[in-house]
Number of protein chains: 2
Amino acid sequence: MEHYKVGEIAEKIGVNVETLRYYEKIKIMPKPKRKESRYRFYDELDLRRLLFIKRAKELGFTLKEIKELLNLKIESTATCGDIKHLAEHKLTDIEERIKDLKNIKNVLIKLINQCVCEEVSTEECPILEVIEQKII
Amino acid sequence: MEHYKVGEIAEKIGVNVETLRYYEKIKIMPKPKRKESRYRFYDELDLRRLLFIKRAKELGFTLKEIKELLNLKIESTATCGDIKHLAEHKLTDIEERIKDLKNIKNVLIKLINQCVCEEVSTEECPILEVIEQKII
DNA sequence: ATAATATCAGTAGTATAGTACGGAGTCAAG
DNA sequence: CTTGACTCCGTACTATACTACTGATATTAT
């Protein structure tokens, strides 16, 4: 079994050491074993857990949600369906965010297209006018 | 000219009183006039500024960016083109976020579709397996 | 006049996800 | 054996956008 000091595993994962201590503090990572020196020592399991966290983060899960996923994972009563629920919930969440952003995008495009004036003062800027009066 | 006490204007805008004090503190709102009682008194200009802030927030601008917009607005040397730049910047920003979210969405959909197992334990959950091994 | 409501200022706390710092102890290389 | 790099812990700070709380005034309603 491989062992890593905090700096080693941090580099392997691509986060910084403080982040690992932070993860420990918020209990998304378990307390690692220690050497006599009191230095943290991480093993392969920790490495896999950290990679899981990293990937789940890339999927838009928050640390809190990732903690839930990890807890379900070790709860023997939890089913794969429980995990699916969390994923589905996250999906609607993300779809909602995409929808909102698309609306915002469309309004911004309209605003920008109304503006053809490089040299006009902000007094007459159609963008500002629109924001002010919410014409759109 | 209409006048509003802090609670009145807060209700009109739909934010709470503390938020107004906060906006004052971060200097996105100017210090309002005071009555002899030291109570804040807001006028139509303040109301319009607050509505502007609210709408710009709905367009995805941060308070910091809104402050910039408002500052450009009063800078007599600023042009409408300067405003356009900010809007364009925000647009690419938002497009980027949409792109990222769409990627996440696709991965989540794939994950969810792989899972047909309501009663299977988390030991064999394909979602977790995929996150763990990043097969996708 | 009294009670209820509003406002005041300043400070602290919330959530999210970390980052920075400082002084002390430990490890590895020359 | 000393120097530099690494790690320890606790605390404080960052950014964003607020929200909550306290004890003292002020205003409004009955």
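For clarity, every value in this text was computed on a predicted model and none was experimentally measured.
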Identify whether any heavy atom of Lys5(B) sits under 4.0 Å from a base atom; if not, whether one sits that close to sugar-phosphate; answer base, sugar-phosphate or nothing.
-> sugar-phosphate
For Lys25(A), answer base if it contacts any base atom (sugar-phosphate contacts may also be present), sugar-phosphate if it contacts only those atoms, and nothing otherwise; contact means non-hydrogen atoms under 4.0 Å.
-> nothing
What is the distance, rounded to the nearest whole Å, between atom CD1 of Ile9(A) and atom P of dC6(D)?
-> 17 Å
Tell me: CD of Glu24(B) to P of dT7(C), nearest whole Å?
-> 14 Å
Within less than 4.0 Å of OP1 or OP2 of dC8(D), is there a side-chain N or O belonging to Ser37(A)?
-> no
Using a cut-off of less than 4.0 Å, is there contact between a side-chain N or O of Tyr22(A) and OP1 or OP2 of dT16(C)?
-> no
Does the dG10(C) base have a donor-acceptor partner in the side chain of Arg21(B) within less than 3.5 Å?
-> yes
Any salt bridge between Glu65(B) and Lys90(B), counting N to O under 4.0 Å?
-> yes
Of Lys35(B) and Lys64(B), whose closest DNA chain D nucleotide lies nearer the 5' terminus?
-> Lys64(B)
Any Lys5(B) side-chain heavy atom under 4.5 Å of Arg40(B) side chain | no
Atom CD of Glu18(B) and atom P of dG13(C): how far apart are they, to the nearest Å?
-> 16 Å
Within 45° of the six-membered ring axis of Phe52(A) and under 6.0 Å from that ring's centre, is NZ or CZ of Lys73(A) located there?
-> yes
Taking only N and O in the side chain of Arg34(B), is any of them less than 4.0 Å away from OP1 or OP2 of dA9(C)?
-> yes
Spatial distance of atom CD1 (Ile66(B)) from atom CG (Asn71(B)) [nearest 0.5 Å] = 12.0 Å
Polar pair under 3.5 Å, donor/acceptor by atom type, side chain Tyr39(A), base dT26(C) = yes
Considering just the side-chain nitrogens and oxygens of Lys57(B), establish if one lies under 4.0 Å of OP1 or OP2 belonging to dC18(D).
-> yes
Sugar-phosphate only, base, or nothing, as touched by Arg40(B) at under 4.0 Å among non-hydrogen atoms = sugar-phosphate
Any side-chain N or O of Tyr23(A) less than 4.0 Å from the OP1 or OP2 oxygen of dA17(C)?
-> no
Just by distance, do the side chain of Lys84(A) and the backbone of Cys115(B) share a donor-acceptor pair under 3.5 Å?
-> yes
Return no unless some side-chain N or O of Asn16(A) is found under 4.0 Å from OP1 or OP2 of dG18(C).
-> no
Counting only side-chain N and O atoms of Arg38(A), is one of them less than 4.0 Å from OP1 or OP2 of dG25(C)?
-> no
